Amino acid sequence: MHRQVAADRYRLLRHARPKTSAPDKGLREGAALPSGQPEALMAAARRPHDALPLDALRHTAAHVLAYAVQDLFPEAKPTIGPAIETGFYYDFDRAEPFTPEDLGRLEGRMKEIVSADYPMTGRQATREEAVAHFKGNPYKVEIAREIPEGEPITLYTIGDFTDLCRGGHAHSTGEIGALKLMSVAGAYWRGDEHNPMLQRIYGTAFSTQKELDAYLVFLEEAAKRDHRRLGQELGLFSLEEDAGGGLVFWHPKGAVVRGIIETFIREGLRERGYDQVVTPHIMHEKLFEISGHLENYAHSMYGPLEVEGQRFRLKPMNCPGHILIYRSEGRSYRDLPLRYAEFGTVYRFERSGTLHGLTRVRGFTQDDAHLFCTPEQLQKEFEQTADEALRLNEAFGFTGLEYFLSTREEHMRIETDTIAEQAIRNALESRGLPYQVDEGGGAFYGPKLDINVHDAIGRKWQLGTVQVDFLLPKRFDLKYRGSDGLDHTPVMIHRALAGSLERFFAVLIEHYGGAFPLWLAPIQAVIAPISEHQLDYARQVAARLRAEGFRIQVDESNEKIGYKIRHWKLQKVPYIVVVGNQEKNDGTVAPNERGRDEKRPALPLDAFIAELRDRVRQKN
RNA sequence: GCCGACGUAGCUCAGUUGGCUAGAGCGCCACUUUUGUAAAGUGGAUGUCGUGGGUUCGAGUCCCACCGUCGGCUCCA
């Protein structure tokens with residue numbers, strides 16, 4: 001058993017890959033936005049991590065880094081250094097921090113090592129030999145001791161540097177065509193915060209300089225799509241220091257997009273027979289005792305607030321509230337399934353260091369719903385919910401989704417978990433969706449299906465989640481009267497398809513690089529008069545378009561048309577409608593359309609309205 | 001929370017080894033101009049230099065604490 005655990009840990013170690021990519025550097029205005037979608041860009045700039053040649057090259061680059069560190073900072077102890085999706089890293093134990101200048105020196109030394117073209121030679125060693133070789137380095141010794149019996153222990157050498165390593169390398173250091181060190185960051189030994197903090201140096205390597213340059217350009221382009229940057233530039237949202245970290249302020253333009261997302265979701269809910277409910281943000285603590293949140297989820301909950309001697313809590317989830325509505329009257333099997341939906345705002349404690357833009361916050365609104373059904377209805381309800389999740393992602397243009405079946409932790413398993421997991425597997429498999437299993441990643445009340453998407457920089461975020469729950473109905477003693485006249489316990493499905501509106505918005509911003517399609521654009525068209533002589537006409541056009549339901553602004557500034565065009569182009573407005581004397585006299589408009597360089601001829605206002613209507617209907 | 005970096009005008013940033021009333025560009029305001037598809041001209045206002053302590057004759061520059069941001073570790077929508 002112990003051996004097995006050790007083997008697992010070793011395997012984990014060898015395949016350790018952070019889910020995040022190399023960091024971006026702060027970047028300036030410059031080249032135009034990339035034309036493709038982030039997924040395509042990622043695919044172009046990044047190779048799949050199982051493409052052996054690049055992986056081997058980067059793995060070798062990690063050794064070169066450790067070699068350079070050994071030369072320049074002999075007191076640093078190398079630990080582990082794998083290839084990752086975007087390059088490689090190597091963790092070192094060293095009292096002094098590596099400075100940016102140190103990285104420059106290390107990179108210089110690495111290039112020398114590459115130029116020297118040291119052959120990479122490997123040999124097998126006994127455990128004793130390996131332990132002896134790395135005495136003084138407890139990390140390497142720990143790894144050497146944990147390599148399972150029967151697996152070969154191998155040492156690899158370039159020049160004067162020998163490392164404990166499983167292999168998978170270039171033949172010589174000269175095969176590394178281009179490399180660059182990216183950043184330093186703290187990382188716990190084996191990712192465990194009880195372990196010492198190591199210093200992780202991130203780098204990337206390619207077989208040619210051209211590929212490296214292309215990757216760096218990609219990082220610059222990705223940084224321009226960063227939702228935090230666009231959120232400010234486009235006036236969508238802010239995070240306010242005075243309010244505290246991780247708390248989101250939706251500005252008018254961001255709130256418009258949110259409203260559209262909510263409307264879209266509400267329409268889906270209505271079609272699928274959901275009922276909207278609204279529940280309080282703060283509730284008595286005993287509710288969370290019954291639900292088990294205090295026992296299992298307290299680490300994410302804020303402390304109690306005392307009101308007249310009673311303890312209240314901010315809700316971290318909406319389920320207990322919805323359960324109270326279910327329980328408020330007797331239910332019959334004829335009532336089921338009951339589907340309660342709420343844009344429910346929840347508050348969860350996140351450690352300050354983990355907060356990130358809109359994707360990791362402390363207060364957020366879920367497009368949450370809880371379905372109460374009979375066990376017989378479970379499969380169908382689950383599949384319908386999964387389909388709705390797919391529809392949502394498709395409508396907002398998200399591709400490259402990843403599906404996870406997250407099971408409950410082993411020690412918490414209850415017999416119904418198998419049924420729940422099977423329902424999830426059935427739904428995935430009948431739809432032909434590839435999925436991965438996240439052992440122990442489930443909610444405390446049951447297993448779940450998670451849907452992940454990538455942001456502009458390649459970071460992976462969970463959006464949708466559909467969860468099966470046999471537990472909370474029991475804890476709250478929920479019942480329905482069956483056709484047999486007896487009481488039965490319903491099954492619950494917890495689901496949030498966009499996940500959190502904040503995170504969904506972040507991914508949406510990055511997906512479109514801030515250039516929202518017409519149906520989502522906060523300002524759909526700006527009416528820009530050539531001079532103030534056409535201002536009245538511009539206002540009339542705006543009034544007419546607003547009456548048709550479009551979101552319109554008039555540029556009344558005392559600027560030349562070139563300035564107005566530039567200003568609103570930078571704001572990524574889909575249409576800038578130019579009106580001069582000619583348009584005023586003819587009753588026409590001259591639209592300048594985002595993404596089209598050629599000048600469009602003026603057209604009658606009615607024809608323009610028809611065009612807008614059409615595009616909004618088609619959601620493009 | 002931990003490791004590291006950072007915090008100067010609404011935004012992006014300069015501010016030399018601590019030393020006169022803290023600067024630039026963009027934005028904002030006013031005036032001039034009445035403009036035809038990615039930046040017209042002139043003038044003007046704007047800062048408790050993140051917050052609170054400390055060192056010093058003197059702190060945006062040095063030290064400490066806290067807050068926040070960024071890159072990671074960990075956790076999750």
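These figures come from a predicted structure and were not determined experimentally. Convention: sequence-line order gives letters A, B, ...; per-chain numbering from 1. Computed from heavy atoms alone, side chains included, the values below leave out hydrogens, waters and symmetry copies.
In this structure, A/Gln571 atom CD and B/rA38 atom C1' are separated by 13 Å, rounded to whole Å. The CD-P distance, from A/Glu241 to B/rU69, rounds to 7 Å in whole Å. As rounded to whole Å, 15 Å separates atom P of B/rG36 from atom CG of A/Asp555. A straight line from CZ of A/Arg566 to C1' of B/rG27 spans 12 Å, rounded to a whole angstrom. Whole-Å rounding puts the A/Leu570 CG to B/rU12 P distance at 16 Å. Between the CD1 atom of A/Ile84 and the P atom of B/rC73 there is a distance of 9 Å, given to the nearest Å. Here the P atom of nucleotide B/rG10 and the CD atom of A/Glu233 are 18 Å apart, to the nearest Å. Here B/rG4 presents its P atom at 13 Å from CZ of A/Phe98, a figure rounded to the nearest Å.
Considering only side-chain N and O atoms, A/Arg351 lies nowhere under 4.0 angstrom from the phosphate OP1 or OP2 of B/rC2. Contact check, A/Lys560 against B/rG41: no side-chain N or O comes under 4.0 Å of OP1 or OP2. In this structure, A/Tyr202 does not reach the B/rC3 phosphate: none of its side-chain N or O atoms is under 4.0 Å from OP1 or OP2. Dashed line: the shortest gap from a side-chain N or O of A/His356 to OP1 or OP2 of B/rG71 is under 4.0 Å. Considering only side-chain N and O atoms, A/Thr354 lies nowhere under 4.0 angstrom from the phosphate OP1 or OP2 of B/rU74. Between B/rG71 and A/Arg228, a contact under 4.0 Å exists linking OP1 or OP2 to a side-chain N or O. The phosphate of B/rA77 has OP1 or OP2 within less than 4.0 Å of a side-chain N or O from A/Gln462.
Counting distance only, with no hydrogens placed and no angle test, the side-chain atoms of A/Asn581 and the base atoms of B/rU34 include no donor-acceptor pair under 3.5 Å. Within 3.5 Å, no donor on the side chain of A/Glu240 pairs with an acceptor on the base of B/rG68, nor the reverse. Judged by distance alone with a 3.5 Å cut-off, no donor-acceptor contact links the side chain of A/Tyr188 to the base of B/rG72. Side-chain to base pairing of A/Gln467 with B/rA77: no donor and acceptor N or O lie closer than 3.5 Å to each other. In the interface, the side chain of A/Asp192 is not paired with the base of B/rU74 through any donor and acceptor atom under 3.5 Å apart.
Within the 4.5 Å cutoff, no side-chain heavy atoms of A/Tyr90 are placed close to those of A/Ile80. Residues A/Gln276 and A/Glu342 have side chains not in contact (no heavy-atom distance under 4.5 Å, counting atoms from C-beta outward). A 4.5 Å side-chain heavy-atom check between A/Trp189 and A/Thr79 finds at least one atom pair inside the cut-off.
The pair A/Arg351-A/Glu193 meets the salt-bridge criterion, since a charged nitrogen lies less than 4.0 angstrom from a carboxylate oxygen. The pair A/Arg391-A/Glu388 counts as a salt bridge, with a side-chain nitrogen and a carboxylate oxygen less than 4.0 angstrom apart. A salt bridge does not link A/Glu532 to A/Lys584: none of the charged nitrogens lies less than 4.0 Å from a carboxylate oxygen. Salt bridge status for A/Arg225 with A/Glu221: absent, with no side-chain N to carboxylate O gap under 4.0 Å. Looking at A/Glu262 and A/Arg258, a side-chain N of the basic residue comes within less than 4.0 Å of a carboxylate O on the acidic one, giving a salt bridge. Ion pairing between A/Glu611 and A/Arg600 holds under the 4.0 Å rule for side-chain N and carboxylate O. The existence of a salt bridge linking A/Arg190 and A/Asp192 is excluded, since no basic side-chain nitrogen approaches an acidic carboxylate oxygen closer than 4.0 Å.
Ranking B/rU37, B/rU74, B/rA77 by closeness to the A/Glu193 side chain, first place goes to B/rU74. For A/Met197, taking side-chain heavy atoms from C-beta onward, the closest of the listed nucleotides B/rU35, B/rC3, B/rG36 is B/rC3. Set against B/rU12, B/rA77, B/rU37, the side chain of A/Asn592 has B/rU37 as its closest nucleotide. Closest to the A/Gln366 side chain, of the nucleotides B/rC73, B/rA77, B/rA38, is B/rA77. Residue A/Ile561 places its side chain closer to B/rU37 than to any other of B/rA40, B/rC75, B/rU37. You'll find that the side chain of A/Thr465 is closest to B/rA77, out of B/rG68, B/rG1, B/rA77.
Heavy atoms of A/Gly186 sit under 4.0 angstrom from at least one base atom. As judged by a 4.0 angstrom heavy-atom cut-off over every strand, A/Asn558 is placed among the base-contacting residues. A/Gly580 comes within 4.0 angstrom of a nucleotide base, judged by non-hydrogen atoms across all strands. A/Gly353 comes within 4.0 angstrom of a base, heavy atoms only. Across all strands, A/Gln199 comes closer than 4.0 Å to no nucleic acid atom at all (heavy-atom distances). A/Leu239 comes within 4.0 angstrom of no nucleic acid atom, judged by non-hydrogen atoms across all strands. Within 4.0 Å of A/Ala498, counting heavy atoms only, lies no atom of the nucleic acid at all. Within the 4.0 angstrom heavy-atom criterion, no nucleotide atom of any strand lies near A/Val346. Nucleic acid contact class of A/Glu502 (heavy atoms, under 4.0 Å, all strands): none. Contacts of A/Ala187 with the nucleic acid, taken as non-hydrogen atoms under 4.0 Å apart, involve only primed sugar atoms and P, OP1 or OP2. A/Glu598 comes within contact range of no nucleotide atom at all, as no heavy-atom separation falls under 4.0 Å.
Considering A/Trp250, A/Trp461, A/Phe364 in turn, A/Trp250 is the only one that fulfils the ring pair (Phe, Tyr, Trp, His ring centres under 6.0 Å) rule with A/Phe505. Between A/Leu234 and the options A/His251, A/Lys253, A/Arg229, A/Lys572, a side chain to side chain contact (heavy atoms under 4.5 Å, CB included) holds for only A/Lys572.
In this structure, A/Arg313 forms no cation-pi arrangement with A/Phe288, as its terminal cationic atom is not both closer than 6.0 Å to the ring centre and no more than 45° off the ring axis.
Comparing B/rU35 with B/rC28, their P atoms sit 22 Å apart, to the nearest whole Å.
Using bins of under 30°, 30° to 60° and over 60° for the plane-to-plane angle, the ring pair A/His299/A/Tyr297 lands in the tilted bin. A tilted orientation is assigned to the rings of A/Tyr347 and A/His281, their planes being inclined by 30° to 60°. Classification of the A/Phe396-A/Phe398 ring pair by plane angle, with boundaries at 30° and 60°, yields tilted.
You can call A/Phe364 stacked on the base of B/rA77; the centres are under 5.5 Å apart and the planes sit within 30°.
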Just the atom pairs and distances: protein N or O near nucleotides 46-49 of chain B's N or O, under 3.5 Å.
none

- Item | Base-pair map of RNA chain B as dot-bracket, where | denotes pairing with a different strand and pairs are Watson-Crick or G-U under 3.5 Å | (((((((..((((.....[...)))).(((((.......))))).....(((((..]....))))))))))))....

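Mapped onto RNA chain B by nearest heavy atom, A/Ala95 and A/Ala496 fall at different nucleotides, with A/Ala95 at the one closer to the 5' end. Annotation: of the two residues near RNA chain B, A/Val361 and A/Val184, the 5′-most nearest-nucleotide partner is A/Val184.
A heavy atom closer than 4.0 Å to some atom of RNA chain B occurs in A/Ile530, A/Ser531, A/Glu532, A/His533, these being the qualifying members of residues 524-537 of chain A.
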